[in-house]
Each structure stands twice: as structure tokens, then as C-alpha cells.
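Some notes on the structure that comes next.
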Protein chains: 2
Amino acid sequence: MSHSGYGRLMTTDREQVLESAAALLTRKATATMDEVARAAGISRATLHRLFAGRDTLVRAIEDMSLRRFEEALDAARLDEDEASDALRRLVAEAEPVAGVLAFLITENQLFEAEGMNEGWDRIDDRVSALFRRGQESGEFRIDLTPAWLTDALYGLISSGAWSVQDGRLAAKDFQYMIVELLLGGARRSVKR
Amino acid sequence: MSHSGYGRLMTTDREQVLESAAALLTRKATATMDEVARAAGISRATLHRLFAGRDTLVRAIEDMSLRRFEEALDAARLDEDEASDALRRLVAEAEPVAGVLAFLITENQLFEAEGMNEGWDRIDDRVSALFRRGQESGEFRIDLTPAWLTDALYGLISSGAWSVQDGRLAAKDFQYMIVELLLGGARRSVKR
DNA sequence: CCCGAATGAGACATAGATGTCTCATCCAAT
DNA sequence: ATTGGATGAGACATCTATGTCTCATTCGGG
């Protein structure tokens, strides 16, 4: 059986490969399968044993990204407490997923993968529902549409992921920088 | 001479091709030269007459993006008035460039093109200088670093560009949505 | 120490994109 | 109507990434 060491569901290898692949492909979408393998620290042969081909690999990244972000949505309990607190939890939960999520957001070649948009739509609904709830409770301003706030959140998460990857931002500041900007903005408010 | 019609510097053709190419490659970075040509409404032969190859094309997109965004920086007069007003002008000037800029931001395969980072660094400096000026004048809060605000601005511009392309956001709302979120945030402020 | 599974290295054929070419057609200016 | 330049369509050779294979080596468990 060969347990190959530590952990979980033996999917550890796969997921680690998927993460490094996402990180690489986000920056260089035309990277070759050999570059992907090398970036993951494995050989091209092993990469092919894990994922049949490039399509399969990309699809696997998408699947993992969607699944893990949806898990983040669950863990954040978006319905509880004030909307701003829920948002804070969401960003915190999203931090470990930010890298792969950035790939998912930018690589919108999904429009071909049909079954994909379904899962993505469901996520969109949940996030924008959070913003709508915040508007209805009077916490959030109503001149910024939930759809835009959703897109903006994705953009900020991507920016945060890149900043962390490039070392311009510490991972521990990820949540604070995103949430503070998204909620409070850059302007120094007169009173809180 | 064949003026091919309407104006400017006869670079109109090239720039239009570059814009549609950027729009396509942003969404599908693995798009084929034939797809790029078709998206631009020209034949693959003509595309090859305009740009020697794929590298040349990508490089041309990068060059144009940097140049036009730098022109936007110039036009925005970042040193004048309050920093928030300058930011407002910058986003407005950036709107027509948002599409190509999104390509430039995401496709960071620049790390190979050496002469490139130079121009990019210069832009980074100018933008973060604006945020720093706003902090020093007391307009902006100081707990969000200029570097992060710069990255966040890029992310929001990308999100805005995608939202406009997908029809979720009207181009005329581009400036407002970005600036209002970036400056004021989503939280309904108590006063002002 | 031995065995079996997994991996890495490399060869190989294939497919698809690329770059170059030719030729017919179209369009604009004369 | 004529002419010159530009374009589109397509053929073609080439090249590169891909996918499959084999074999030697390594590694971990028994």
C-alpha cells in the first residue's frame, strides 16, 4: 500500500502539486507541463501519472479551488452575527485558499467547462447574499451593488495572494489589509 | 501609401488588434494565434504581418499597456489637489486602459522580459507616492501601507475591467465604484 | 536484508501550433 | 477603367509540447 508518509487522505501529494501548479500557472499560464512538474518538485512522468493531461490538471485545480473556497464559505458561517464580522471570518478562511483562488478567478477559460459555472454561480450567490444582508441591515452602503462588492472582494483576494507570494505582504496581515480596505476604505474617516 | 481610412498615426490598426488580443488573452491565455486573429477580425496572415510571432505580440501588448497607463498617470496630474481627487482622476483616466491593464497585471510572465520591470517599477513608484502623499497630508489612514493600496488599486481596476467586459458593470460607473470602494469602503460611515 | 511499489530519466511517435509562402481578390486612389 | 497595395485563404514544412512507453534506481515496509 505504501503510505508515502504523512497524512490525511493520501490526496496530500495531489493537493500539494495542484497548489504549486496553480501558483505557477497564475503567473505564467503558458507554462509547460515540464515546468509545472519541476515547480512541484516531481518529474514529468509522475505528473502525468497524477493527472492524465493538461486539461485534467487545470480541471483538477478548478475543482479543488471551488471545493476549498466553498468549505471556507461554510466555515465562515456567513449568516451569523453582523455582516462585517462574517466578512472578516470569510477573508480569514479564504487566506489559505487565496493562491488557488486567484488562479480560478483569472483563468476564466471556464466558459467552456460547462459543469463549472454551476458551482461558481452558487458561490457568487452566497457571497453577494452576504453583502445584500449587510445592506438590508444598514451596515453597508447601498450605492455599491452586491455584485460589484463581490467582484471587488475577488479582486482584493487575488491582489492579496500575489502580494503575499511576492513577499510584499505578510500572510498574517492578509485578512486585516483586505477587510479594512473593503469595509473602511483608505480615507481617514472623521469619526470611526 | 494606402491610408486605410481614418486616422491618427496609422497605428490605429495595430492598437485595435492589441486591445482585442489583450481582452482575449486575459480570459484565455492559451488562445491560439488563429483565435487571436479571428477575435481581432483579421486573418492569421495579417496578424503575422503586424506581429512577427506570439512573443512579439505579447511584448507589444505589454509595451502598449505600460505606455498608455503611464499616459494616464500623466493626465491625472497626481501631484495636484488633494490626493483623493488625484486618485479619482487616475481611475477615470485608467478606465479606457483597464482591459489591457488587467492583462498586464495578471500575466506576470514579465519576470523574463528584463527591460519590462523597469517601466513597471516606475509606475509603481508614482502610484504609491500618491498614496503616501495622501497619508502624509492626513487624508488617508496610515495602517494600510502604500504598497498594499497600490496592489489593491490594481486588483480593483482588474475586477472593474472584467465586470465591464462581462456586462455586470456599466463603463460609466467604473470610476465611481472603484474610487468609492477604495476611498470610503463598503461600511456605511456614521458621518460623511 | 529483501521485496515491491513508486519515482525519475529518457526515448519515441504524434498532434497541434507556428511561421513562411503563394495566389486570388478586394479596395482605394488615380 | 486601371493600377498598386493590402488582405484573406490556404498549402506547406517545421517545431515544440504532449502523451505513452520502457528501464534503472530509489525508497519504505516487512
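Convention: sequence-line order gives letters A, B, ...; per-chain numbering from 1. Values below: all heavy atoms of this structure, side chains included; hydrogens, waters and symmetry mates excluded.
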(message) Can you see whether A/S163 engages B/D151 through a side-chain donor-acceptor pair at a distance of less than 3.5 angstrom?
(response) yes
In whole angstrom, give the distance that lies between atom [atom1] of [X] and atom [atom2] of [N].
| X | N | atom1 | atom2 | answer |
| --- | --- | --- | --- | --- |
| A/F51 | C/dT7 | CZ | P | 12 Å |
| A/D13 | D/dG28 | CG | P | 13 Å |
| B/R49 | D/dA6 | CZ | C1' | 7 Å |
| A/L57 | D/dT18 | CG | P | 10 Å |

(request) For the pair B/E82 and A/R187, find out whether any cationic side-chain nitrogen is under 4.0 Å from an anionic carboxylate oxygen. (result) no
(request) Compare side-chain N and O positions of B/T46 against OP1 and OP2 of D/dG8 and report whether any pair is under 4.0 Å apart. (result) yes
Under 3.5 Å, sequence neighbours excluded: what are the donor-acceptor pairs made by side chains of residues 174-185 of chain A?
| residue | atom | partner | partner atom | Å |
| --- | --- | --- | --- | --- |
| A/Q175 | NE2 | A/R88 | O | 2.9 |
| A/Y176 | OH | B/D143 | OD2 | 2.4 |
| A/E180 | OE1 | B/R141 | NH2 | 2.7 |

(message) Please list all pairs meeting side chain to side chain donor-acceptor pair (under 3.5 Å) that have one or both residues in residues 123-132 of chain B, counting only residues at least two apart or in different chains.
(response) B/D74-B/R126, B/D124-B/Y154
(message) With heavy-atom distances below 4.5 Å as the criterion, would you say the side chains of A/R77 and A/R89 are in contact?
(response) yes
(request) Indicate the atoms forming the closest heavy-atom contact of B/D81 with B/R133, along with that distance. (result) O-NH1, 2.9 Å
(request) If a protein heavy atom is under 4.0 Å from the base, mark B; if only from the sugar-phosphate, S; if neither, -; do that for nucleotides 13-20 of chain C going 5' to 3'. (result) ----SBBB
